Amino acid sequence: MINLTIDGIEVSVPDGATILEAARIAGIDIPTLCFLKEINEAGDCRMCITEVEGRRGFTTACNTKVEEGMIVRTNTDSIIEARRVVLDLILSNHHKDCLTCVRNGNCELQNLAKRYNLDEIEYAGEMLEHEKDTESPSIVRDFNKCVLCKRCVATCKNVQKIGAIDVANRGFKSCVSTVQNASINNVNCTNCGQCIMSCPTGALREKDDTKNVLRELKSEDKYVVVQTAPAVRAALGEEFGMPIGTNVTGKMITALKRLGFDKVFDTNTGADITIMEESTELIDRITKNENLPLITSCSPGWVKYIEMNYPEQLSHVSSCKSPHMMFGALLKTYYAKKMDIDPSKICVVSIMPCVAKKFEASRPEMEANGMRDVDYVLTTRELARMIKQIGIDFAHLEDSNFDDPMGEATGAAAIFGTTGGVMEAALRTAYETITGTTLENVDFEAVRGNEGIKRATIKIGDKEVKAVVAHGLGNAQIVMNEIRDGKADYQFVEIMACPGGCIMGGGQPIRTSKERATIDIRKLRADCLYSIDEKSTIRKSHDNPVVKKIYDEFLEKPGSHKAHELLHTQYSKREKYNI
């Protein structure tokens, strides 16, 4: 342990800790702007400057290691004045339309300006004007609100290993851009949205579809149904001041009904159907020992990534559509027929934790019988804005249940929202199908946890299934290189584009860099989903009575011609750059 003094407070911290970490242990809040723990620790923004006795000038707290006996001051007059100057300079070239910004009230730059009482801009001068990039179906870029913190660049480059954006030009004309300043829609972006989650301001945001959905809700000609992904219920409450990881399923359903949706369904039912199709595909490949490994296809950011980077491996990707796309197809066919509704009048809205789902819904492959599977995708954040707009007191809502006849789901479907969950759900069904025996312990602990790559050998009867789970595209790259180079003989592979899986998707509530450094957000949200699974009466997808009924009445059996026609698709090579 290293002993030091910060603002007169004696503190002991592990060797290797930074001044910033030591200050937080001592209960002292040193401001940051460019800092993201273990991702971007460059000290570029200078907001975390401190004074260290015996050293000249200022020292950045985020990347300076503590030393024995160090004496640190964090809030002297000179430090406060220097921080105010830094903020003033940043704001001098920043669009200050805060009242109309999507991040108003949840902006780290705004919080700092308020903290340091910055009521006027002293260094106002020339401002660069950049055109908004709105071509992507998922992401809007507005560099006029960028503070050059480079958190998005570090996340894209160091975590996701994509490098779709970087700093271009020099001096005053420096900006975060793409190759040839092209739209992010035309470069090697996977639409994962992790750059949005890293941005401290409104420079990056999701493409907003709330106005379109509200218009559909007011239309007398449309029958508007909504489905909600498992990860949404574990995070939506955060937008209304509730603790991270609070299960708000019942309140969410009530809010959606008050918004005017004709029916509120659970994407988890679609996830159970996905498992029926995907486990059938897995069993067939394992039995024939052909085209292995099987790689899951639920994450649209991951699918786009493999299309661009490993097209020669596309035959290994499951042909299954993702749960919400399958469910959308069934709502416009099976459900429409069952309820005697003209399918052309049905508008399907998906509430997702993901901005890549917007891209997925726009793919030409995602349709059946000439109709789009899903018409609109809203993120968790967009749903929260709609709820606030019409004045719903979310925290005090009563609980409601999903609508019949497609509202029942299993615990297996709930864990789709966290890394390893898709594999675990599929293994529960595959085990009982292959062995013909009841699986007593349904928890596959080997594929759970926060490790970026989890490898396991699963015993199913007399077969051993070598499996690997990866989350975050940087980890996906490692696994795919192993497969490409013949260094691994996996049979089953689950990959999620976002670190942590859907619970940390690009459409979830945005937390500050301090919260991300001091709270295990990923675990709290994941624990919520595992709790839902544990408390579920039915925990295996093939035991879902609604799913059984859909197959008996409509799809015949998993892997049938009808199932392939509606629930499966194909992917093809995609160019990284369309410039």
Side-chain angles (χ1 to χ4, degrees), residues 29 31-37 39-40 45 47 87 90-91 94-118 132 138-152 155 193-210 231-232 234-246 248 252 255 351-355 378-395 498 500 503-522 524-525:
D29 182 25
T32 64
L33 191 58
C34 70
F35 172 79
L36 269 186
K37 185 179 180 182
I39 298 173
N40 197 47
C45 73
M47 283 306 301
L87 281 172
I90 291 173
L91 287 167
H94 185 83
H95 275 208
K96 291 168 277 295
D97 52 348
C98 299
L99 290 178
T100 56
C101 180
V102 71
R103 293 293 296 274
N104 186 25
N106 184 23
C107 170
E108 293 182 47
L109 179 62
Q110 188 181 60
N111 292 341
L112 288 170
K114 187 185 301 182
R115 174 172 172 174
Y116 288 98
N117 195 28
L118 213 66
K132 280 186 185 179
S138 302
I139 300 169
V140 174
R141 292 192 307 137
D142 183 0
F143 184 75
N144 298 303
K145 296 180 181 179
C146 179
V147 294
L148 280 173
C149 67
K150 295 186 281 191
R151 281 159 48 162
C152 60
T155 299
Q194 288 302 303
C195 56
I196 299 174
M197 306 306 289
S198 300
C199 182
T201 68
L204 291 158
R205 61 171 295 174
E206 72 275 15
K207 178 72 72 69
D208 191 290
D209 283 305
T210 57
V232 175
L236 179 61
E238 297 170 37
E239 293 283 349
F240 301 93
M242 302 171 78
I244 298 170
T246 301
V248 296
M252 174 184 67
I351 311 296
M352 296 285 127
C354 173
V355 295
L378 299 180
T379 63
T380 307
R381 296 190 297 270
E382 286 174 279
L383 174 59
R385 292 200 292 273
M386 288 177 66
I387 293 170
K388 292 172 183 176
Q389 182 177 329
I390 67 168
I392 296 174
D393 184 2
F394 185 85
C498 296
I503 49 170
M504 301 300 288
Q508 292 284 66
I510 297 173
R511 312 301 305 206
T512 66
S513 61
K514 181 181 178 182
E515 289 171 321
R516 291 175 61 167
T518 57
I519 303 171
D520 195 342
I521 300 167
R522 181 188 300 177
L524 291 171
R525 291 176 181 170

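Along the sequence shown, residues carry numbers from 1. Keep in mind the model is a prediction, meaning the values are calculated, not measured.
With rounding to the nearest 0.5 angstrom, the OG1 atom of Thr155 is 10.5 Å from the CE atom of Met197. Annotation: the span from Asn106 atom CG to Asn111 atom CG amounts to 7.5 Å, rounded to 0.5 Å. To the nearest 0.5 Å, atoms CZ (Arg151) and SG (Cys195) are separated by 12.0 Å. How far CD1 of Ile510 is from CZ of Arg381: 4.0 Å, rounded to the nearest 0.5 Å. From Lys145, atom NZ reaches atom NE2 of His95 across 9.0 Å, with rounding to the nearest 0.5 Å. Rounding to the nearest 0.5 Å places CG of Leu204 at 9.5 Å from CZ of Arg103.
Between the side chain of Gln110 and the backbone N or O of Gly105 there is at least one donor-acceptor pair closer than 3.5 Å. Between the Lys96 side chain and the His94 main chain, a donor and an acceptor come within less than 3.5 Å of each other. The main-chain N or O of Cys34 is found under 3.5 Å from a side-chain atom of Asn40 such that the two form a donor-acceptor pair.
Contact between Ala235 and Gln508 at its shortest, heavy atoms only, is CB-NE2, 3.3 Å. In plain terms, the two heavy atoms of Pro509 and Thr380 that are nearest each other are CD-CG2, 4.0 Å. Closest approach of Gly202 and Asp142 over heavy atoms only: O-CB, 4.3 Å.
Counting heavy atoms of neighbouring residues, nucleotides and ligands inside a 6.0 Å radius, atom NZ of Lys132 does not exceed 12 of them. The number of heavy atoms from other shown groups lying within 6.0 Å of NZ (Lys114) does not exceed 12.
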Legend entry - side-chain contact (heavy atoms from CB on, under 4.5 Å) between Arg525 and Ile244, intermediate numbers included: CA-CA 7 Å; Arg525 291 176 181 170; Ile244 298 170; 4.1 Å; yes
Inset, instruction - Mind running side-chain contact (heavy atoms from CB on, under 4.5 Å) on Leu36 and Ser198 for me, showing each step along the way? - result: CA-CA 8 Å; Leu36 269 186; Ser198 300; 3.7 Å; yes
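Between Lys514 and Glu108 there is no salt bridge, since none of the side-chain N atoms of the basic residue sits less than 4.0 Å from a carboxylate O of the acidic one.
A heavy-atom distance below 4.5 Å is not found between the side chains of Asp208 and Val140.
Counted by atom type alone, Thr210 and Glu382 present zero donor-acceptor pairs between their side chains at under 3.5 Å.
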